Amino acid sequence: MGLFKGLFNKKESGENKEENVIPWIPLDVLSQIDEIKRKSRTKTQVIFKHSTSCGVSRMVLNTFKSNYTFSTEQLDLYYLDLLSYREVSNQIAAEFQVIHQSPQLLVIKNDVVVFNASHGEINEVDLAQFI
């Protein structure tokens, strides 16, 4: 039993893994799109669109979270649960003229999407180039 406790319960074994805290801003209201556009004139805005029922989306999200190193002073990071807020997702596609995909990352500067990626491409982007 001690072997399994060590394998599956790392906290009890004294190992403290530092968790990366992501400064998500929930994106769940249509009016936030205008706010994102306005704020993009002075600070980079990033939207992560996630499908909570998709395994690929979950995997990409987990990798993105573990590699995220930016502060709230550098950019604003929005999280959109597109299954719960489909209307917001549809409006983002129309407003920014991007084809809806999931998962999807949008980088907005000066009212327009300057970069977007989906699926595995999300974790290959260097967000620092857009700050």
Side-chain angles (χ1 to χ4, degrees):
M1 196 68 157
L3 171 68
F4 293 113
K5 193 178 247 185
L7 285 174
F8 299 111
N9 196 345
K10 296 292 184 190
K11 286 186 180 178
E12 281 189 27
S13 68
E15 183 180 311
N16 289 329
K17 183 179 178 187
E18 222 177 280
E19 185 145 340
N20 196 12
V21 177
I22 306 298
W24 295 115
I25 301 168
L27 178 52
D28 51 15
V29 180
L30 285 171
S31 62
Q32 287 178 280
I33 297 170
D34 287 334
E35 177 186 337
I36 288 168
K37 288 176 75 173
R38 182 185 50 75
K39 289 169 63 178
S40 76
R41 297 172 195 152
T42 57
K43 183 165 131 183
T44 302
Q45 306 293 295
V46 177
I47 299 172
F48 191 104
K49 292 170 56 180
H50 172 60
S51 172
T52 55
S53 68
C54 175
V56 171
S57 191
R58 170 68 54 203
M59 185 173 59
V60 170
L61 176 63
N62 288 338
T63 302
F64 179 83
K65 286 171 28 179
S66 68
N67 293 325
Y68 190 83
T69 59
F70 300 97
S71 71
T72 55
E73 288 78 33
Q74 294 173 297
L75 55 83
D76 290 329
L77 179 61
Y78 291 84
Y79 171 86
L80 173 61
D81 173 347
L82 63 94
L83 295 180
S84 295
Y85 303 101
R86 176 65 75 178
E87 183 181 22
V88 175
S89 180
N90 291 342
Q91 186 61 32
I92 287 170
E95 188 81 26
F96 293 113
Q97 300 178 357
V98 294
I99 296 172
H100 162 77
Q101 296 188 59
S102 169
Q104 186 173 36
L105 187 78
L106 307 173
V107 179
I108 299 114
K109 291 187 76 154
N110 297 314
D111 295 340
V112 298
V113 170
V114 295
F115 179 83
N116 79 83
S118 66
H119 299 86
E121 295 173 345
I122 290 171
N123 292 318
E124 296 174 14
V125 65
D126 177 14
L127 285 176
Q129 68 182 317
F130 300 108
I131 297 174

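Quick caveat: nothing in here was measured; it's all calculated off a predicted structure.
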Spell out, yes or no, whether [X] and [Y] are grouped together once hydrophobic residues are joined by side-chain heavy atoms under 4.5 Å, including indirect joins.
X      : Y      : value
Leu127 : Val113 : no
Leu77  : Ile25  : no
Val112 : Leu106 : no
Val98  : Ile122 : no
Ile47  : Val88  : yes

Minimum heavy-atom separation for [X] to [Y], with atom names?
X      : Y      : result
Asn116 : Gln104 : OD1-NE2, 3.8 Å
Tyr78  : Gln45  : CE1-OE1, 3.2 Å
Tyr85  : Leu27  : CD1-O, 4.1 Å
Val60  : Asn123 : O-ND2, 3.4 Å
Val46  : Leu105 : CG1-CD1, 3.4 Å
Lys65  : Ile22  : O-CD1, 3.5 Å

Rounded to the nearest 0.5 Å, how far does [atom2] of [Y] lie from [atom1] of [X]?
X      : Y      : atom1 : atom2 : value
Leu80  : Ile92  : CG    : CD1   : 5.0 Å
Ile36  : Asp111 : CD1   : CG    : 11.5 Å
Thr44  : Gln74  : OG1   : CD    : 9.5 Å
Lys43  : Ile131 : NZ    : CD1   : 10.0 Å
Phe115 : Ile108 : CZ    : CD1   : 12.5 Å

For Gln91, look at atom CD and say whether over 12 heavy atoms of other residues, nucleotides or ligands are found less than 6.0 Å away. yes
If you count the non-hydrogen atoms of other residues, nucleotides and ligands that lie under 6.0 Å from CD in Gln129, is the total more than 12? yes
Classify the angle between the aromatic ring planes of Trp24 and Phe48 as parallel (below 30°), tilted (30 to 60°) or perpendicular (above 60°). perpendicular
Using the ring of each side chain (for Trp, its six-membered ring), is Phe64 parallel, tilted or perpendicular to Tyr68, with breaks at 30° and 60°? tilted
Does Phe130 offer a backbone N or O that forms a donor-acceptor pair with the side chain of Lys109 under 3.5 Å? yes
Side-chain donor or acceptor of Ser89 paired with backbone N/O of Arg86 under 3.5 Å: no
Counterpart residues, side chain to side chain contact (heavy atoms under 4.5 Å, CB included), relative to Ser53 (two or more places apart): Ser51, Leu83
Taking side chain to side chain contact (heavy atoms under 4.5 Å, CB included) as the definition, give me every residue that meets it alongside Val29, ordered by chain and number, with sequence neighbours left out. Ser31, Gln32
Testing His119, His50, Gln101 one by one against Ser57 for a side chain to side chain contact (heavy atoms under 4.5 Å, CB included), which residue passes? His50
Taking salt bridge (charged side-chain N to carboxylate O under 4.0 Å, His left out) as the cut-off, I'd like each qualifying pair that reaches into residues 115-131, sequence neighbours left out, listed once. none
